[in-house]
Protein chains: 4
Amino acid sequence: MARPKSNDKRTAILDAAVRVFAERGLAAATSAISSAAGIAEGTLFTYFKTKDELVNAVYRQLKAELAIAMMSRFPARKSVRLRLLHIWTRYVGWGVENPLQQKVLRQVEMWHGLTKESKKAGSAPFREIETMMREAVRDRMVKNLPQVFMQATMSALAETVMELSRHDRKRARVYEKAGFEMLWAGIAKK
Amino acid sequence: MARPKSNDKRTAILDAAVRVFAERGLAAATSAISSAAGIAEGTLFTYFKTKDELVNAVYRQLKAELAIAMMSRFPARKSVRLRLLHIWTRYVGWGVENPLQQKVLRQVEMWHGLTKESKKAGSAPFREIETMMREAVRDRMVKNLPQVFMQATMSALAETVMELSRHDRKRARVYEKAGFEMLWAGIAKK
Amino acid sequence: MARPKSNDKRTAILDAAVRVFAERGLAAATSAISSAAGIAEGTLFTYFKTKDELVNAVYRQLKAELAIAMMSRFPARKSVRLRLLHIWTRYVGWGVENPLQQKVLRQVEMWHGLTKESKKAGSAPFREIETMMREAVRDRMVKNLPQVFMQATMSALAETVMELSRHDRKRARVYEKAGFEMLWAGIAKK
Amino acid sequence: MARPKSNDKRTAILDAAVRVFAERGLAAATSAISSAAGIAEGTLFTYFKTKDELVNAVYRQLKAELAIAMMSRFPARKSVRLRLLHIWTRYVGWGVENPLQQKVLRQVEMWHGLTKESKKAGSAPFREIETMMREAVRDRMVKNLPQVFMQATMSALAETVMELSRHDRKRARVYEKAGFEMLWAGIAKK
DNA sequence: TATGAATGAGCGTTCATTCAT
DNA sequence: TATGAATGAACGCTCATTCAT
């Protein structure tokens, strides 16, 4: 079967894309990516038919990594507050430890070429959060606010915290705690 | 600072740039901007030496507009909560009423080419907010949190509210109110 | 109005295209054409939006030149035979004297990208031939054969004669005469 | 001349090439040919060192098929007219029944990469026609015209008839007959 | 100053050919 | 021998910028 399409190489391209996009934005040339990945220019297109397809793949990859970071060891039995705190902590932690990934993810999320399929696939693993929040509303633990509001504010606050923490590592804990308190205070029933 | 001949034309270019960037992203061609502005391709470059300079100018322009919207009629005598609410309401209102501007502002803020000077100039008019918050901390009305945190979370929440409101105009008031409550609950001393 | 789009330059590009296509076929690079025309690569696209558009323009240009060569001084009053001979002679003469043009015209006519509009525009000036032949049929000077047949065989024979003549100039007259006799013998009523 | 292992595969490639070239022109990718032939991309190059070599081989193959179609059951004893008619009928018949082959043959004949050897090999089987015509000239059955002229006009007329017939099957007989009459009238001694 | 044609570096992508398997 | 991933030159085209008018 000749050299089989190697998963290593696919991964190398995705990794290189993240590095290059983080440094130069999504406008970076595919040739910069292929050379960062240590492959020929044409090879990139054996793995991703177009640049758009590559960017979509980067998005899915990052979302999947983030999902693993956030959703593993999810304490399904604990209180809503602790479950939300778990998610929050993991999210912020991932962003602080993976700054390139997080930066690129933000950029891609604002990008025009994301397909519906990618968006769907990207958000699928986070469905559990929605379920949790819905139940929390039903159980009167949390205010009856639109789902989108709760998720969007959580993302926005978490991303803010990540960025602040990256620039001022010493205060990372302060930011993280204050961010969560803001979120919880805005969401929880008194 | 060279003062070009026609301020009208300069303004026309900036306006056109906002419209075009909002629709096609910062990657839009300068020729699209000049034609939207009703001028020749080359003329754009008598007002802005490079595209990067134009984008920086757009940023400053938008920040200045936003500052006017936010800071005018600032109720310096009212309570901290009301002053903050004033800012919040103006900010969110500006974003909802000027969706193109707000979209472009977000894009430019994520862009790589913003100069330090632009960033400084852009945030200058908002110095007053910082002063206010500093006093509020001193007077124990507000928790002793880092300034950046308070400003960044306010921005993040406001932008989230704007975007949600644009997609769901009927809930705009709900979002605005819940957003402010979250911010205030996270900041105010109990 | 700055440098106006020059007709000279447009013509230079079309001429260069003919030369280059004749030498290397329609697959020749646009960069070869622009450099043969003495202009920058990008300039070609100010005059022709795409390569396909350029090839279509070449086709129309050549057809127009051919039409002028064939249809000028058309002896509308003479006998059918003499009128047909006039066309034949002009056609063959043009092909022999403009070998590059004729070669390229053949290639373009076999090409997939010719638009309907081009085909229509290209054949319009030759409408007069059709009229002539139709009248000749009506007047019983010529056999009642399908129009397409008469035109296609004339083209085929003329092109054959051109090519033979180019390779063997001394016999050009023989070929030309024999070719016409074949055509006339096949078409004329006995 | 290296004899590759599997003649089946060689033939499959040649057949596929004809189909693909007919549909997309000679610019078609070799990968399209190999996939149409049901083989791997690289395998094509064990049978034909380069694409040019493949096209040359296609030419020879088609010429050979055409020769078989035209020259078999050649009525060596009949009159010149009948012998010529036999050739004509077979030629036209082959073209009408093998439209892909005929289309590709025309394209390849206009192509720049045909080698002298191919041209020579391609025309070899038709030497018999030349002999026949030479004798016919000697025996005063046919005008003393250059060999090339007679062969080229026959080809040109036959190809014209094929193409017209393909587009208008009902008139195929008319075209075929009128084409031959034109040829014969142009060649035969009165 | 305003114009828009001219420029050419740079882009994403294709494809004939090579080569590790 | 057969495979198909790997290669990189080459392509058509775009666009920020320059410059003749």
Side-chain angles (χ1 to χ4, degrees), chain A residues 1-6 8-10 13 27-35 37-55, chain B residues 4-6 9 27-35 37-55, chain C residues 1-6 8-10 13 27-35 37-55, chain D residues 4-6 9 27-35 37-55:
Chain A
M1 199 207 296
R3 277 169 284 188
K5 238 189 276 192
S6 96
D8 278 11
K9 208 157 279 178
R10 201 190 130 90
I13 294 170
T30 51
S31 62
I33 296 167
S34 48
S35 94
I39 56 166
E41 288 187 32
T43 304
L44 190 151
F45 296 93
T46 335
Y47 290 84
F48 304 95
K49 271 204 288 293
T50 62
K51 188 187 184 184
D52 278 23
E53 193 177 309
L54 168 61
V55 179
Chain B
K5 330 304 143 206
S6 150
K9 211 158 277 185
T30 53
S31 63
I33 295 166
S34 50
S35 98
I39 57 162
E41 287 184 41
T43 304
L44 189 149
F45 293 91
T46 64
Y47 290 85
F48 304 95
K49 266 207 295 296
T50 64
K51 189 187 184 184
D52 279 21
E53 193 179 307
L54 167 60
V55 179
Chain C
M1 199 206 298
R3 275 168 286 188
K5 237 189 276 192
S6 96
D8 278 12
K9 207 156 280 178
R10 201 189 130 90
I13 295 169
T30 51
S31 62
I33 295 169
S34 49
S35 94
I39 57 166
E41 289 186 32
T43 304
L44 189 150
F45 296 95
T46 332
Y47 290 84
F48 304 95
K49 270 203 289 293
T50 63
K51 188 187 183 184
D52 278 23
E53 194 178 306
L54 169 59
V55 179
Chain D
K5 332 303 142 204
S6 149
K9 211 159 275 185
T30 52
S31 63
I33 296 168
S34 50
S35 98
I39 58 163
E41 287 184 40
T43 305
L44 190 150
F45 293 90
T46 63
Y47 290 85
F48 304 95
K49 266 207 293 296
T50 65
K51 189 187 184 183
D52 279 22
E53 193 178 308
L54 167 60
V55 179

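On a predicted model such as this, the values are computed, not experimentally measured, just so you know. We name chains A, B, ... by the order of the sequence lines, and we start the count at 1 in each one.
Dashed line: the shortest gap from a side-chain N or O of B:Lys51 to OP1 or OP2 of F:dT17 is not under 4.0 Å. Within the 4.0 Å cut-off from OP1 or OP2 of F:dA2, at least one side-chain nitrogen or oxygen of D:Thr46 is found. In this model, the phosphate group of F:dG12 is approached by a side-chain N or O of C:Thr30 to a distance below 4.0 Å at OP1 or OP2. For E:dA2, one of the phosphate oxygens OP1 or OP2 lies less than 4.0 angstrom from a side-chain nitrogen or oxygen of B:Tyr47. Phosphate contact (OP1/OP2 of E:dA16, side-chain N/O of D:Lys49, threshold under 4.0 Å): absent.
Nearer to the 5' terminus of DNA chain F, by closest-nucleotide assignment, is the contact made by A:Lys5 (compared with the other of A:Lys5 and B:Ala28). Take the nearest nucleotide of DNA chain F for B:Ala27 and for D:Gly38: the residue whose nucleotide is more 5' is D:Gly38.
To the nearest angstrom, P of E:dG12 lies 15 Å from CD of A:Glu53. Distance CZ (C:Arg10) to P (E:dA5): 14 Å, rounded to an integer number of Å. Look at NZ on C:Lys9: it is 16 Å from P on E:dG4, rounded to the nearest Å. The CG-C1' distance, from D:Asp52 to E:dT17, rounds to 13 Å in whole Å. Between the CG atom of A:Asp8 and the C1' atom of F:dA5 there is a distance of 14 Å, rounded to whole Å. For C:Ile33 and F:dC13, the CD1 to C1' distance is 14 Å, given to the nearest whole Å. For the pair D:Leu54 CG and E:dC15 C1', the computed distance is 14 Å after rounding to whole Å. The distance between atom CD1 of A:Ile13 and atom C1' of F:dA6, rounded to the nearest whole Å, is 11 Å.
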Quick one: which protein N/O atoms are closer than 3.5 Å to N/O atoms of nucleotides 8-10 of chain F? Pair and distance per line, please.
from  : atom 1 : to      : atom 2 : distance (Å)
F:dG8 : N7     : A:Gly42 : N      : 3.2

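Shortest non-hydrogen contact noted between A:Ser34 and A:Glu41 is OG-CA, 3.5 Å. Taking each heavy atom of A:Ile13 and A:Ile33 in turn, the nearest pair found is O-CG2, 4.0 Å. In terms of heavy atoms, B:Leu44 sits closest to B:Ile39 at N-CD1, 3.7 Å. The two residues C:Glu53 and C:Tyr47 make their nearest non-hydrogen contact at OE2-O, 4.4 Å.
Contacts of C:Ser6 with the nucleic acid, taken as non-hydrogen atoms under 4.0 Å apart, are absent. Among the protein residues, A:Ala32 comes within range of no part of the nucleic acid, since none of its heavy atoms lies under 4.0 Å from any strand.
With rounding to the nearest 0.5 angstrom, the NZ atom of D:Lys9 is 8.0 Å from the OG1 atom of D:Thr46.
In DNA chain F, the stems built from three or more successive Watson-Crick or G-U pairs (distances below 3.5 Å) are E:2-21 with F:2-21.
Comparing F:dA16, F:dA2, E:dA6 by their closest approach to the side chain of B:Phe45 singles out F:dA16. In the set E:dT17, F:dC11, E:dA6, E:dT17 carries the atom at the smallest distance from any side-chain atom of D:Thr50.
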